[in-house]
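The structure follows.
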Protein chains: 2
Amino acid sequence: MTLKRVEPSVFVILGATGDLTKRKLVPALFRLRKYVDPGTRTFVLGVGRKPELDDDAFRAWLKEAVAETGEAEDGIDQWIDQHVRYHCMEETDVSSCRSLGERLGALEEEQDLPGNRSFYLSLPPSRFVPTIEALGESGLAQSPGWTHLVVEKPFGRDLASAQALNRTVHRWYDESQIYRIDHYLGKETVQNLLVFRLANAIFESLWNRSHVESVQILVAEELGVETRAGYYDKTGALRDMVQNHLAQLVSLVAMEVPATIDAESIRYEKIKVLRSMSTPSATDVVFGQYGPGENGSGPDAGYLDEPGVGVASTTETYVSLRLAVDSWRWQGVPFYVRTGKRLPKRLTQIAVTFRQPPVCLFESMGSCLLHSNVLLITLQPDEGFALYFDVKAPGEPLDLRTLPLSFRYEDAFEKIPDAYETLLRDILEGDQTLFVHSDEVEASWKLFEPLLGGDREVHRYPAGSWGPEEATRHFVRGAPETLQPASG
Amino acid sequence: MTLKRVEPSVFVILGATGDLTKRKLVPALFRLRKYVDPGTRTFVLGVGRKPELDDDAFRAWLKEAVAETGEAEDGIDQWIDQHVRYHCMEETDVSSCRSLGERLGALEEEQDLPGNRSFYLSLPPSRFVPTIEALGESGLAQSPGWTHLVVEKPFGRDLASAQALNRTVHRWYDESQIYRIDHYLGKETVQNLLVFRLANAIFESLWNRSHVESVQILVAEELGVETRAGYYDKTGALRDMVQNHLAQLVSLVAMEVPATIDAESIRYEKIKVLRSMSTPSATDVVFGQYGPGENGSGPDAGYLDEPGVGVASTTETYVSLRLAVDSWRWQGVPFYVRTGKRLPKRLTQIAVTFRQPPVCLFESMGSCLLHSNVLLITLQPDEGFALYFDVKAPGEPLDLRTLPLSFRYEDAFEKIPDAYETLLRDILEGDQTLFVHSDEVEASWKLFEPLLGGDREVHRYPAGSWGPEEATRHFVRGAPETLQPASG
């Protein structure tokens, strides 16, 4: 995470007329200008298949589209006029890619740029392999400066397709050029987690099987499948959330202290965690699918009634897993991992439950309800920490109460920057820490692929509930009341 | 600290016309009635040497005196009328004590009481020995029920006088009858400290030389000697505060986990701590005396200008000590202990500074200012806990900030009961946990007596400052900024 100088470059968005350009990429690139020398310009070359667009028409569409998202800020229209171009082409075609190369060369000459290029694949997964082949074949994997290839998830649908995608990528690119964006969480959040663990000796001292009883990780979504049913019904929560986001979170929580805080050392430790885990047995997994339910303002449709979902779909919208990290540090400590759609609220939390005191000294005083200390790390939406500990309520008889020592980032600091802002900055700076290594992708698929197929029971849960009862009973037993999701 | 039933009893105050009766004892006994069965009455027999008083005149004085202190509550006047008696006598005289016994017997018969008696010595220290002798000689060390003897500090002026006092006491009383009140802190505060350590496994895990770098204990008084100069000038801070209160605080922080939470086990562990310490060498002690100074609203007189202080007095009003607890748990961890009068504010704090992370991983990110985690326990006036930990400020370059996770009792609970209320309750219930054992008194005198005499330098500090510079330089080096008393 060394702070590097951002150099002038061209940011090529393949699939530029999609949502991501207007919602995230262009607003983030605009905001990034404030971290950069005024002379260091980043140009955006939007690439799409709409022949009716030219530079001006694309800019006009973009300005309007950004304004509609509510992401517009003072000066963004002028910035778009000066920094954005459009190039119409079929991105899987080699000769089209050659013409893209010529266009880039011309832009770089015109603007006196050193030839640094990022290629951002904002494309459906089915187009990843042919596009990467065409870019490579046409010579665009190299440039006079640096070339970074940015790939959005999913990285394959299973181990074989992930390996095939990695093989294609590595045919043309070195791993150091690849930026696999797989971050449910932004850089700030990940850094906060690392700093919390590694800058605070007391927590790192407690961060092991001698002191920790269990770890719970919850990624709850309030939304259903929305407009993504076509994609989601073929994917499911295991592929969409567990294999990537939750695997990342488990890795960050469970990893050893890295040798240094750089991309290579951190990714090495994360891979090591994935390799210390085994595929959970069937009894340690519960799948769920939301049925009809109620939210505060009215009824919610069940998953099977969502437009675009197969009538008898058994796609899971909820997964609960009991994972084991068989390392010296964590052997015997269960990692309870849960994610689901249409849960009561959007919430990403890590709960580290410490072991109870070995002796209940307060029994004679009328109280033997010792609780475990719990460290609750909230990553979304209200980032902060809370350490639950027992205090004595005043008076007699002795009455222990569990209360939090708590801290919210928002109370101490300004708003945390948008995840895309920090991720794009890392791409421009050449910092891969927050991006996923090919070995991570494959280790994670190895772990979770066996759960994809076969006979499996998918338990129904009402939309707006905390998931199927089978999972709640199975995995959350013994959790302190403060961690029951209902009060989370 | 087992909760016991309070039985009907007579509470005898020797020295009843003093300040303590109206300011603390009677208001506390009145408030205690709410914890007790309505049929369980506690009678107060005030004993004094003023022949002009009788029951009615004493009650009239008491009602007025309590009202003046602002401690009056609804119903206290009626309560005084029904429960308070006065007995005029010379308490060091055996035949007077015999007449007191007759008076007590008559009261117990009249009110159908079982003969439980507390004798509270609210007397100058010089009268302790003759009064105890007279009580014993006259047979008042025993009664048809239980008999508790309550002695206020100081317990001797040095080891020899403390031993003499203990010998006198033990001639007539069993140690289980003796309640030595030496509590700067009330029961609630001490219990909070014990619960914090022993009900929260993570803190007890960290509570040792492997994780703790230093412990600081500060008992700061804002007031000067006020009206006590005559007593104080012969006493000094070492006798008045260090030998008793600070020794108690060190013991509570440093003690091993007791076998059970009862008086015997806890006092055993506290004595063990005192016996693990050695008298600090001269280089580890700094004495101070306040000179003239300024407070917010005007000048403060220096100690030597206080009425009643000798012109060339070298009595210390400030002591700073570096103590070592040579136990397996604490060897090598310095305990910095400070107390003084005319400091900037009234404040009792324990700061446990944990060791820094062994490796600074964030150096490459522009930040190697790792701080120690600090647990700050505030006992007075605003009881609570704060755990200082490092978080990352949003943005780049990496910027670590030390912030507290904090908790205040007052935010979570109603007001903590007055120290005297809980102490008197313990006396009536027969709970000695919070009272000092004779072995504790003697172990503490053994430790600190060698510092009383000899040639010693007393450094002047301005009233309203945090003590002599010699002490600040000597003992607080390396303390995190949050613990510098100036910001405390």
Side-chain angles (χ1 to χ4, degrees), chain A residues 1-3 35 188 191-192 194-196 198-206 210-211 257-258 260-262 354-359 361-362 364-366 370-373 375 385-387 389-398 400-401 403-407 409 412-417 425, chain B residues 1-3 35 188 191-192 194-196 198-206 210-211 257-258 260-262 354-359 361-362 364-366 370-373 375 385-387 389-398 400-401 403-407 409 412-417 425:
Chain A
M1 295 188 210
T2 315
L3 184 68
Y35 302 113
E188 284 293 335
Q191 283 189 339
N192 288 342
L194 291 177
V195 165
F196 187 81
L198 306 178
N200 294 287
I202 61 169
F203 291 107
E204 183 53 29
S205 304
L206 296 165
S210 304
H211 298 289
V257 179
T260 60
I261 296 285
D262 60 20
F354 295 96
R355 296 195 184 282
Q356 290 197 357
V359 176
L361 284 168
F362 301 99
S364 63
M365 304 170 81
L370 286 184
H371 312 108
S372 292
N373 291 124
L375 176 67
F385 301 96
L387 181 65
F389 73 119
D390 273 18
V391 293
K392 183 188 164 299
E396 306 249 4
L398 187 120
L400 297 185
R401 304 268 181 85
L403 290 169
L405 288 167
S406 56
F407 167 79
Y409 278 93
F413 301 112
E414 73 273 31
K415 221 171 133 40
I416 289 178
R425 182 173 172 171
Chain B
M1 295 188 211
T2 315
L3 185 68
Y35 303 112
E188 284 293 334
Q191 282 189 339
N192 289 342
L194 291 177
V195 164
F196 187 82
L198 306 177
N200 294 288
I202 60 170
F203 291 108
E204 183 53 28
S205 303
L206 296 166
S210 304
H211 299 289
V257 179
T260 59
I261 297 286
D262 60 20
F354 295 96
R355 295 195 185 281
Q356 289 197 357
V359 176
L361 284 168
F362 301 99
S364 63
M365 305 171 80
L370 287 182
H371 312 108
S372 292
N373 291 124
L375 176 68
F385 301 97
L387 181 64
F389 74 119
D390 273 18
V391 294
K392 182 189 165 297
E396 307 248 5
L398 188 121
L400 297 184
R401 304 268 181 85
L403 291 168
L405 288 166
S406 57
F407 167 81
Y409 278 92
F413 301 112
E414 72 273 32
K415 220 171 135 42
I416 291 178
R425 182 172 173 172

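Here is how names work: the chains are called A, B, and so on, in the same order as the sequence lines, proteins then strands, and each is numbered from 1.
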Counting only non-hydrogen atoms closer than 4.5 Å, does A:Leu206 touch chain B with its backbone (N, CA, C, O), its side chain (CB onward), both, or neither? side chain
Write down the atom of A:Ala199, the atom of B:Pro357, and the distance for their closest heavy-atom approach. O-CG, 3.5 Å
Quick check on A:Phe385 against chain B: is it the side chain, the backbone, both or neither that has a heavy atom closer than 4.5 Å?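 Its backbone and side chain both get close to chain B.
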Please rank A:Ser210, A:Pro358, A:Pro404, A:Ser205 by heavy-atom pairs under 4.5 Å with chain B and give me the top one.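 Answer, by heavy-atom pair count under 4.5 Å with chain B: A:Ser205.
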Side chain, backbone, both or neither of B:Ala412 within contact of chain A (heavy atoms, under 4.5 Å):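 B:Ala412 touches chain A through side-chain heavy atoms alone.
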Mind checking whether A:Leu387 and B:Leu387 have side chains closer than 4.5 Å, heavy atoms only? yes
Over all atoms of both residues, closest heavy-atom pair of A:Lys392 and B:Phe413: O-CE1, 3.8 Å
So, the part of B:Leu403 with a heavy atom under 4.5 Å from chain A: the answer is side chain
Identify which of A:Ile202, A:Leu375, A:Val391 forms the greatest number of heavy-atom pairs closer than 4.5 Å to chain B. A:Ile202
Donor-acceptor check, side chain of B:Asn373 to backbone of A:Ala201, threshold 3.5 angstrom: yes or no? yes
When you measure from the side chain of B:Asp390 to the backbone of A:Asn200, do you find a donor-acceptor pair of N or O atoms at a distance under 3.5 Å?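 Answer holds: no.
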